[in-house]
Structure formats: structure tokens, C-alpha cells
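Sharing a structure with you now.
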Amino acid sequence: MKFQAIKGVRDILPPESALWNRVEQTAREVFGTFGFAEIRLPIFEQTDLFARSVGQETDIVSKEMYSFEDRDETSISLRPEATASVVRAYIQHGMQTLPGNVKLHYMGPMFRRERPQKGRYRQFYQIGAEVLGASDAPGIDAEVIEMLMTLFERLKLKGAVLNINSIGDKNCRPAYVEKLRAELVKVREQLGEDSKRRIETNPLRVLDSKLEQEQGIIEKLPRIAEHLCENCREHYAEVKRQLGLRGIVYQENWRLVRGLDYYMRTTFEITAPGLGSQNAVCGGGRYDGLVELLGGPATTKGIGFAIGTDRLVLSLQEAGEDAAQDGPAGKAAGPDVYLAWFGAAAQSAAIGLAKRLRDAGFVVELPAVEMKFGKSLGLADRLGSRHAVIVGDDELAAGIVTVKRLSDGAQQKVGEQELFSYLRTAQNPGI
RNA sequence: GUGAGCGUAGCUCAGCUGGUAGAGCAUCGGUCUGUGGCACCGAGGGUCGCGGGUUCAAACCCCGUCGCUCACCCCA
């Protein structure tokens, strides 16, 4: 094999692509009902945008970005996430002058140069949404989460678990981080290599460690919930109350920390089964300082999330939710009508009929060259067609067609108007 | 970046203690010039991931390398 896809990227083939479309379409519908409109963003930006927002010292920026020098020598990067772009667009287009909160959603590929594994790719897809505006009301946090849960419910995602936490703001987090660091130094020798390193680089990350021998130590570490400032504590309490008002079940997880620098206060993550080691389908949180950091008005607050579409689809597949495809293995669902024609005169009649059928919304397969009768019906069968419509000399002479139901072989001769009504009643409406 | 497992036809795999490749499925054609699923017959398709070494002889043994997968790290 000469060419193959680059490491960590992949093709999404039928019938899986149909599930992707369903997921993305459902997201558009659900988000639309919450008043979110779609924003289409560029796939690359100035490198500095990501360095400033995501954080220069994060793994994403320091070692995972696809960066390159443009011809004018500016550094450009493929986006590793989209919140920075949304905020950039918000500022660039002066959206702070729009009435109320600006609610935007997006979907598309992101790029991070990590070692691929189950549920992780170098080109991966996210569906995300952001609320930007003057208000940081806890009700916004809760509604954003409600919207997410509504989507998952609509998609029949099984076993989704919502984890929430508050990681404080610039008034209380630094002091907590120092306290945590001080405690970690005391138990340094009992920690693994990775956690030892994080004492310096990112003490919060230690809380997220999965190492068995560290669990007992982590349980005894100071918790941020007990070190939040007054404002953060009240905000967090109100977010939880607002979630309760919406009937949303959540799990408080004091060890939930986010990897991107811009998060503060509310953070959340949703896990789902069937994903292997990477079990988070969605992560998000509040980022009130980000707009100002990127040069926008200091009064603008923000909150958002990103769903890992690859992982969401994977979890749905593991649960058998992709069974809606009923075509032959490896193929998309078959056509409604296979239009078998025989002879030059029949071909021209079939071309016209195919057009009228398609205009009426039927999926029509029209053989490009004449085939033997048996071959043609055989192909109709293997394509998973529901009906064969036969146009040969006999039909032409009588001005009718033969329609045959492939599932049981029942067939009859009908005029064109009858054909349409027959096909409509034979359709499986709904689903 | 680190570790482990795996690389034989489009797919799933067989190939014994070394003797230069097979099956099933799939594809295409035929039996079959107005009726599909079945059956039978046939065809195409492989530098055995790649390179080197050992050997009279390597898919098989040794070394290296590339790729895939999973896990660590980190994250969606």
C-alpha cells in the first residue's frame, strides 16, 4: 500500500458517517432551542492566540500544537481547541454591543500532536458552545449544563455521568495552590515521578492522578472547596441550586481540575462508558478573565464546553445506538428504488422516471449501462434496495412499469401515479 | 516523549520441528437473453510491512526499522 492516512488521523466512512451526521444535526437542533447560533471559525490562527489563552506552559501549547511559519514569517497554528477562536471573533466583531448574552456554538476538527489511542486522535472533532456577556450569573452555568444533558438524552447516550467542581478564581486559587504545594512537598517521597514533577509545574494536576499508591495520600490533601473565597463559594452554591431546579443529577468531584489555564470557578466534565482509558466525552467551565486577556472588554464573562465528538460517537456505537443503519455490511442504507431498464428506449424512459422519483424524495439507483435481467435484479438485491422498478419492452408498450418488492418478491404492473402512491405507502414513515 | 502487543489477499485468518503461500467471506465473470437471495464453476487480487543477517533454502530463526493498536503522560 503506497499511501495511507497520516498517524492519528482517519477517514470516517459510511455507514458511520450517518451517525456523525445525526449527532451533529441533533446538536444544532438542541442548541438552537436554547438560543445558540452557529459560528464557523477558521481552522488556523496566529500561534500567539493559543499561547495566550490556553497557556504557554500547558502540554497543549508547549508540545502538541501543529505550528508552522507562514510565508510572511508569522507563526501560525492549527487550532488545538476553539474557545480561543470564539473569543477572538467576539472581540474582533465587537459582539459586546449585541443585546444580552452572546450564545454561539461550533463544530469541527481540532488538532493536537499526541500519541493516538482509543478515543484520541491527532485530528479530532469537537462540538462546543460558549456564552459570552456581562453576566456571570450561576443560572447561565446551569443552563449550559442543562443544554448538554439535553443533547445526550436526545442522543440516548447511556451511562453519562456529570462531574462538577469549582476551582476558585484569581482571588482564592493562588493561595490554595500554594497550600497544596506545601502539603505535597511534605509527602514528596511517597509520590510517583509524574506527581513529583507536578508539585512544581501544576500541583492541581496531582489531584487527578490515577496511580493506586497515591490515592490514600491524595484523599488527605486540602480541598479547594474549603478554601474558596466568599464570592466563589456563593457562586458555586448557586450553580448547584440551579442545577437542582433543573432536575440535573450531578456528582461533586473535588479532584476535577481542568488542563487549560483559562478556566476558573465552575468546571465540569461528563464521562461515558465504552471509551477505554479516555472516558471524558465533554469538558467545560467558566473563563471570566479570558476576554480581557485577549484584549476585549474586562467586563465580559464567559463559560463554555467542548464535546469530543469522536468519543461521543464511540460511546454510542459501543451501546449499539448505530444500529439504525440497515444496509448491507459496510454500505449505507440501500435505495428506495432500483430502476432496472432494458433497451435504449427504456433507458430514456427510465432517466425521466428517475428524475421524477428523486424530485419526490425517493432514493433511486439507476444503472448506467444495460445489464442482463438476472444480473440487474441481483445487484438491486445486493445494494439493499427496497423495490425494483422494471422498465422493459412490455412495460413501454403498455405505458406502465412493473414494481417488485424485494423483501418478499411481490410485484405488480402499475401506472406512474400508482407507482408513486405505492412507494409512499410502502415507505417506512417516521423512525 | 515512554512502555507493551501485533503486522500473511479488500476483510477475518491458516500456514506443523525452516523446503520461496492457502481457506472462508467479499469483488468480477459464467451456468442464467424478463425476474434477486440459493447452488455450482471460474477469474482477478499477495515485493508474507520494509531492510539486513544466519542457511543449500526464511512467512517461519536473529538484528534493525517502519506501521497499527492499547496503555502511560495529557486531554475532548
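Convention: sequence-line order gives letters A, B, ...; per-chain numbering from 1. What you see below is based on every heavy atom in this structure, not just the backbone, and it leaves out hydrogens, waters and symmetry mates.
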Original post:
Starting at CZ of A:Arg113 and ending at C1' of B:C74, how long is that distance when rounded to a whole Å?
Top reply: 15 Å
Original post:
More 5' along RNA chain B: A:Ile307 or A:Gly276, using each one's nearest nucleotide?
Top reply: A:Gly276
Original post:
At under 4.0 Å between heavy atoms, what does A:Ala280 touch on the DNA or RNA strands: base, sugar-phosphate, or nothing?
Top reply: sugar-phosphate
Subject >> Integer angstrom distance from the C1' of B:C68 to that of B:A21 >> reply: 23 Å
Original post:
Looking only at side-chain N and O atoms, does A:Lys63 come under 4.0 Å of OP1 or OP2 in B:C74?
Top reply: no
Original post:
Are the charged groups of A:Arg382 and A:Glu365 less than 4.0 angstrom apart, N to O?
Top reply: no
**OP:** If B:U33 has a Watson-Crick or G-U wobble mate with both distances under 3.5 Å, name it; if not, just say none.
**Re:** none
Original post:
Roughly how far apart, to the nearest Å, are B:C66 and B:G51 at atom P?
Top reply: 15 Å
**OP:** May I ask you to check whether A:His105 and A:Phe34 place their ring centers less than 6.0 Å from one another?
**Re:** no
Original post:
What is the nucleic acid contact for A:Gln278, judged by heavy atoms within less than 4.0 Å: base, sugar-phosphate only, or nothing?
Top reply: base
Original post:
Which nucleotide sits closest to the side chain of A:Arg115: B:C68, B:A71, B:C74?
Top reply: B:A71
Original post:
Looking only at atom C1', what distance separates B:A43 and B:G3, rounded to whole Å?
Top reply: 47 Å
**OP:** Answer yes or no: is there a donor N or O on one side and an acceptor on the other, between the side chain of A:Asp408 and the main chain of A:Ala410, under 3.5 Å?
**Re:** yes
Subject >> Residue matched to B:C73 through Watson-Crick or wobble contacts both under 3.5 angstrom >> reply: none
Original post:
Just to confirm, is there a sub-4.0 Å distance from OP1 or OP2 of B:A71 to any side-chain nitrogen or oxygen of A:Gln117?
Top reply: yes
Original post:
Parallel, tilted or perpendicular: which describes the rings of A:Phe31 and A:Phe36, with under 30° parallel and over 60° perpendicular?
Top reply: tilted
Subject >> Atom-pair distance (CD1 on A:Ile60; P on B:C73), nearest Å >> reply: 16 Å
Subject >> Ion pair A:Asp141/A:Arg265, N-O distance below 4.0 Å >> reply: no
Original post:
If pairing requires Watson-Crick or G-U wobble contacts with both distances under 3.5 Å, which nucleotide is the partner of B:U54?
Top reply: none
Original post:
How close or far is atom P of B:G10 from atom CG of A:Leu13, stated in whole angstroms?
Top reply: 16 Å
Original post:
Taking atom C1' of B:C72 as reference, at what distance in whole Å does atom CG of A:Asp208 sit?
Top reply: 14 Å
Original post:
A:Lys118 NZ to B:C70 C1': how many Å, rounded?
Top reply: 9 Å
Subject >> Inter-nucleotide C1' distance (B:A9, B:C72), Å rounded >> reply: 36 Å
Subject >> B:U20: pairing nucleotide in any strand, Watson-Crick or G-U under 3.5 angstrom >> reply: none
**OP:** Write down the distance separating the P atoms in B:G52 and B:C16, rounded off to the nearest Å.
**Re:** 24 Å
**OP:** Answer yes or no: is there an ion pair linking A:Glu146 with A:Arg246, defined by an N-O contact shorter than 4.0 Å?
**Re:** yes
Subject >> B:C62 and B:U55, which share atom name P, separated by this distance in whole Å >> reply: 16 Å
Original post:
For the pair made of CD in A:Gln4 and C1' in B:C50, what is the distance, rounded to whole Å?
Top reply: 13 Å
**OP:** Would you kindly compare A:Arg120 and A:Lys7 by the position of their nearest RNA chain B nucleotide and give the one closer to the 5′ end?
**Re:** A:Lys7
**OP:** Remember a base hit wins even if backbone is also touched, and classify A:Tyr121 as base, sugar-phosphate or nothing at under 4.0 Å, heavy atoms.
**Re:** base
**OP:** Find the partner of B:A59: check Watson-Crick (N1-N3 plus N6-O4 or O6-N4) and G-U wobble (N1-O2, O6-N3) distances, both under 3.5 Å, and reply none if neither fits.
**Re:** none
Subject >> Base-contact (B) and sugar-phosphate-only (S) positions in nucleotides 31-40 of chain B, heavy-atom cut-off under 4.0 Å, - elsewhere >> reply: S-SBBBB---
Original post:
Nearest-Å distance, CH2 (A:Trp20) to C1' (B:A76)?
Top reply: 11 Å
Original post:
Is the shortest side-chain N to carboxylate O distance from A:Arg88 to A:Glu45 below 4.0 Å?
Top reply: yes
**OP:** Quick one: look up who B:G45 pairs with, Watson-Crick or G-U, both distances under 3.5 Å, and put none if it's unpaired.
**Re:** none
Original post:
Quick one: is B:C72 close enough that its OP1 or OP2 comes under 4.0 Å of any side-chain N or O from A:Ser277?
Top reply: yes
Subject >> Over-ring placement of A:Arg40 relative to A:Tyr106, 6.0 Å and 45° cut-offs >> reply: no
**OP:** Taking atom P in both B:U20 and B:U12, compute the distance separating them and give it to the nearest angstrom.
**Re:** 27 Å
Subject >> B:C70 to B:G10 separation - C1' atoms, rounded to the nearest Å >> reply: 25 Å
Original post:
Does a salt bridge link A:Arg223 with A:Glu252, judged by any charged N lying under 4.0 Å from a carboxylate O?
Top reply: no
**OP:** Please report, rounded to the nearest Å, how far the C1' atom of B:A76 is from the CZ atom of A:Phe124.
**Re:** 6 Å
Subject >> Carboxylate-amine/guanidinium contact A:Arg122 A:Glu114, below 4.0 Å >> reply: no
**OP:** Look through every strand shown and name the nucleotide pairing with B:G7 as Watson-Crick or G-U wobble, where both distances are under 3.5 Å.
**Re:** B:C66
